[in-house]
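Note that these values count all heavy atoms, side chains included, but never hydrogens, waters or copies made by symmetry. All of these numbers come straight from a predicted model, not from anything done at the bench. The first residue of the sequence shown is numbered 1, and numbering continues consecutively from there.
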Amino acid sequence: MLKTEWIFCSIWLIAGLGMLRCYLSRKRPLRSALLGMLTGAAALTLMHLYGGRFGVEMPLNCFTGGISLLLGVPGVTLLTVLLLI
């Protein structure tokens, strides 16, 4: 594996562990995890369908899908900001 792939996988692992810790600290961890994933997927879908009207064309691929499922709406917001930069 290349060094950049290790860095990329490490970032995903750290983000995943952070979200797992956040979800496990809730009263209902499974419900909050599913709700976060659902709202993230919905936000990504809305940005893909209607983002072009605001000047942000969000692609649907494994990377954006993974971020929206892992981080939820803040992840989609982060992707939007990165596309605007």
Side-chain angles (χ1 to χ4, degrees):
M1 225 185 222
L2 298 174
K3 187 176 181 178
T4 55
E5 291 176 1
W6 279 104
I7 293 171
F8 185 72
C9 291
S10 299
I11 290 171
W12 274 98
L13 181 66
I14 291 169
L17 289 175
M19 289 309 296
L20 182 64
R21 182 175 176 222
C22 177
Y23 288 140
L24 288 177
S25 69
R26 306 281 174 135
K27 188 175 181 180
R28 295 182 172 146
L30 184 62
R31 180 178 166 186
S32 62
L34 290 175
L35 186 63
M37 290 179 192
L38 180 68
T39 55
L44 179 64
T45 303
L46 288 173
M47 284 303 296
H48 176 70
L49 293 176
Y50 301 111
R53 295 180 183 179
F54 304 109
V56 180
E57 294 187 20
M58 183 75 65
L60 285 181
N61 54 36
C62 291
F63 182 71
T64 58
I67 287 181
S68 70
L69 290 177
L70 183 66
L71 299 176
V73 175
V76 176
T77 306
L78 174 69
L79 287 172
T80 305
V81 169
L82 289 175
L83 283 174
L84 290 174
I85 292 178

L35 and L20: same hydrophobic cluster, using ILVMFWY side-chain contacts below 4.5 Å?
no

Can you see which heavy atom on L83 is nearest to which on E57, and at what distance?
CD1-O, 3.9 Å

Would a 4.5 Å heavy-atom cut-off, applied to side chains only, mark I67 and L78 as touching?
no

Determine the minimum heavy-atom distance between F8 and W12, stating which atoms define it.
CZ-NE1, 2.9 Å

Minimum-distance pair of heavy atoms, taken over all atoms of A41 and L69:
CB-CD2, 4.1 Å

Keeping the roles fixed (side chain from T64, backbone from P59), state whether a donor-acceptor pair exists under 3.5 Å.
yes

Rounded to the nearest 0.5 Å, what's the gap from OG on S32 to CG on L30? Could you check?
8.0 Å

Sole candidate of L46, T80, T45 that passes side-chain contact (heavy atoms from CB on, under 4.5 Å) when paired with M58:
T80

For L13, side chain to side chain contact (heavy atoms under 4.5 Å, CB included) partners two or more places apart:
L17

Do L79 and V56 sit in the same hydrophobic cluster, where Ile, Leu, Val, Met, Phe, Trp and Tyr count as joined when their side-chain heavy atoms come under 4.5 Å apart?
yes

Give a yes or no on whether M47 and L49 share a hydrophobic cluster (residues Ile, Leu, Val, Met, Phe, Trp, Tyr; joining criterion: side-chain heavy atoms under 4.5 Å apart).
no

If you group Ile, Leu, Val, Met, Phe, Trp and Tyr by side-chain heavy-atom gaps below 4.5 Å, do V76 and M19 land in one group?
yes

In this structure, would L70 and F63 fall into the same cluster of hydrophobic residues linked by side-chain contacts under 4.5 Å?
yes

